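Reckoned from all heavy atoms, side chains included, excluding hydrogens, waters and symmetry mates. Please read these numbers as outputs of a predicted model, since none were measured by experiment. Letters A, B, ... are given to chains in the order of the sequence lines, protein chains preceding strands, and every chain is numbered from 1.
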There are 2 protein chains.
Amino acid sequence: MNHPSPKGSWRWMAYETNAGEFNCLATQERQTAESMMRSIFRKVDCVHCKFSRACLPFGLTPEEVGHLETIVKRKRPINSDEYLFRQEDHSNSLFIVKSGSFRSFIWDIDGGEQTIGFYLPGEFIGLDALRQGGRHHCSAVALETASVCELPINRLNELSAKIPKLQSQFLRIIGSQIVSDQVTIVLLGNRSATVKVAAFLLAMSRRYKALGYSGTEFNLTMPRHNIANFLGLSIETVSRQLGSLSNSGAVSIKNRGVQIKNLTLLEAIVEPGLTNQYSCANY
Amino acid sequence: MNHPSPKGSWRWMAYETNAGEFNCLATQERQTAESMMRSIFRKVDCVHCKFSRACLPFGLTPEEVGHLETIVKRKRPINSDEYLFRQEDHSNSLFIVKSGSFRSFIWDIDGGEQTIGFYLPGEFIGLDALRQGGRHHCSAVALETASVCELPINRLNELSAKIPKLQSQFLRIIGSQIVSDQVTIVLLGNRSATVKVAAFLLAMSRRYKALGYSGTEFNLTMPRHNIANFLGLSIETVSRQLGSLSNSGAVSIKNRGVQIKNLTLLEAIVEPGLTNQYSCANY
DNA sequence: CGGACCTTTGACCGCGGTCAACCTATGTGG
DNA sequence: CCACATAGGTTGACCGCGGTCAAAGGTCCG
């Protein structure tokens, strides 16, 4: 929970709710306590899930979705800084973010870490465990109170064999993940600090928009040093670039709150390279 | 074909053969013309393919491999600089490198390109086309005369539904690809030019070794500017780093020929980061 | 032999890392 | 309610790594 609360912390309430959903709203658009309360016991099966069109149920008949439901485990919410899984953990499951957000990273031998990516609702985590041996190659921690759907790989395979549409949708999602990683490689490969930071903001904007939230006003759920580490920059450089993007009028930054003031300008800054490519990650 | 030939070009001969296999041998170990000739009409179905243990047939019964054979298309060899597919091409197929090597890259708007990765025999290309829409997100060109197996995705899905082991092996390979991309992200993210170049050589060494070739003596199949572009460095910096690695006694570089002189030293240079991680890409 | 391309080497300098100080937000205990 | 501690974020000064420009080999080809 990175946004200020009227009184005390809402974290207790997030437990057993899908409160993480609210974290991408800008400060002034924050939900009231009432609306949060109303959503506490909301039904969140696949049929009612707002992300299902970008998830496995897409294209399936209601009956087939029912079959899928039977293999989905819905775990208790995960608190901020809690691990979803750790590097080298054995795993027989994939995870889909239902609410909140995650960060994945790889440990260096010397104890440092390299952030691999960030995950918003509707996105898959843990595809790296598909490889031989089934061990995770990276760790994933919650950036805020979050919840996930867990999918046992074996059972998903069994079901995929019976439901061809599920199979092909699964592969489409995997393909999107691969493309997303490729785009990250492009971003890190040859770009200036300015373009990296601008592209990062633009990508977050597009991802939030694709999720049905505001694409022009949102809160970053990760601290600066995670952004810096992800982009291969120092914290200071990220801060300076955010400052200069603010000065140019492209965006307005207030702590973790972001307003896109001039989308065209922001796109123009990113343009020398990858505007079309660095769009919403998993679509 | 990047290595010198005793007389004239062998390129004509590579056509309709699997000559690309020879390109990763060091100069002094090159096959004679005779042995190349003998291999021209060698049978290269899945059962006889030396890469099958890292490919889809792994773990399948001979009968199941026979079924797999029926959907594999074996295309004519691809010449150096010829495209396997182009960005935005519609595609219903995956490809597996049978011989030779490939480079994949993304076009920038301004006409520049960013290399995404290199592909050696036994490795999969084109998984990015699995995503929604089935369009390739990158282009792939042959770095030398090469050949591939083509796998229509639809037919692979059909067969996977019938052969669970095929399904899980396919997912394992995809998982390896994802891990490989993640490792590239780590490499590009925070490393010095020295470590990037050393890690690149170390990775090539391990990949060749895993393929059954020499891990201490091999030829790079790509020009310097491809390496530089891939690593996010300038050509000059790559050249300088290769020079300093030579001076340190870790390796010996002669044009595209590489000899690993002191593996321990090379690993030590890469160590601050990702020795274990940046190993053979697709295993 | 001549030309195109690849690779190396040197000189210069700017982007971005590093170090340091300061500012701000949040939480804790007196 | 304020003093203080802590963590996160910003800003400034400095300088080194690596990009850029330029020129000179090397290698392969017709």
A:Lys254 NZ to C:dC23 C1', in whole Å, measures 15 Å
Rounded to whole Å, CD1 of A:Ile235 lies from P of D:dG12 at a distance of 18 Å
Note: contacts of residues 243-253 of chain B with DNA chain D (heavy atom, under 4.0 Å) are none
Against the side chain of A:Ser234, the closest entry in C:dA25, C:dT18, C:dT7 is C:dT18
Exercise. Looking only at N and O atoms, is any donor in the side chain of B:Glu236 or the base of D:dC21 less than 3.5 Å from an acceptor on the other one?
Worked result: yes
Quick check: do B:Ile227 and B:Leu233 have side-chain heavy atoms less than 4.5 Å from each other? no
B:Lys196 atom NZ is separated from D:dC17 atom P, nearest whole Å, by 15 Å
### Query
Is the base of C:dG10 touched by the side chain of B:Arg240 through a donor-acceptor pair closer than 3.5 angstrom?
yes
In whole angstroms, the gap separating P of C:dT7 from CG of B:Leu233 amounts to 15 Å
Separation of D:dG19 atom C1' from A:Arg191 atom CZ, nearest Å, is 15 Å
(message) Does A:Arg191 form a side chain to side chain contact (heavy atoms under 4.5 Å, CB included) with A:Val270? I'd like the steps, not just the answer.
(response) CA-CA 9 Å; A:Arg191 308 297 155 188; A:Val270 179; over 6 Å; no
Per nearest nucleotide of DNA chain C, the residue lying toward the 5' end, A:Val238 or B:Ser239, is B:Ser239
In whole angstroms, the gap separating P of D:dT20 from CG of B:Asn229 amounts to 12 Å
At less than 4.0 Å, is any side-chain N or O atom of B:Arg256 found next to OP1 or OP2 of C:dT7? Yes or no. yes
Next on the checklist: Any base atoms under 4.0 Å from B:Leu242, or only sugar-phosphate, or nothing? Heavy atoms, all strands.
Outcome noted: nothing
Salt bridge (charged side-chain N to carboxylate O under 4.0 Å, His left out) filter on B:Glu82, not counting sequence neighbours, yields B:Arg76
When rounded to whole Å, the CD to P distance for the pair B:Gln241 and D:dG18 reads 6 Å
Between CG of A:Asn190 and C1' of C:dG16 the distance, given in whole Å, is 15 Å
Review point. Is there a side-chain contact between B:Leu266 and B:Asn262, using heavy atoms and a 4.5 Å cut-off?
Key: no
OP1 or OP2 of D:dG18 versus the side-chain N and O atoms of B:Thr237: is any pair under 4.0 Å? no
>> Which label fits A:Phe85 and A:His136: parallel for a plane angle under 30°, tilted from 30 to 60°, or perpendicular past 60°?
In response: parallel
Test salt bridge (charged side-chain N to carboxylate O under 4.0 Å, His left out), reference B:Glu123, set B:Lys98, B:Arg103, B:Arg207, output is B:Arg207
- Task: Could you check whether the rings of B:Phe200 and B:Phe118 sit parallel, tilted or perpendicular, using 30° and 60° as the cut-offs?
- Result: perpendicular
From the candidates C:dG10, D:dT10, C:dA25, the one with an atom nearest any side-chain atom of A:Arg224 is D:dT10
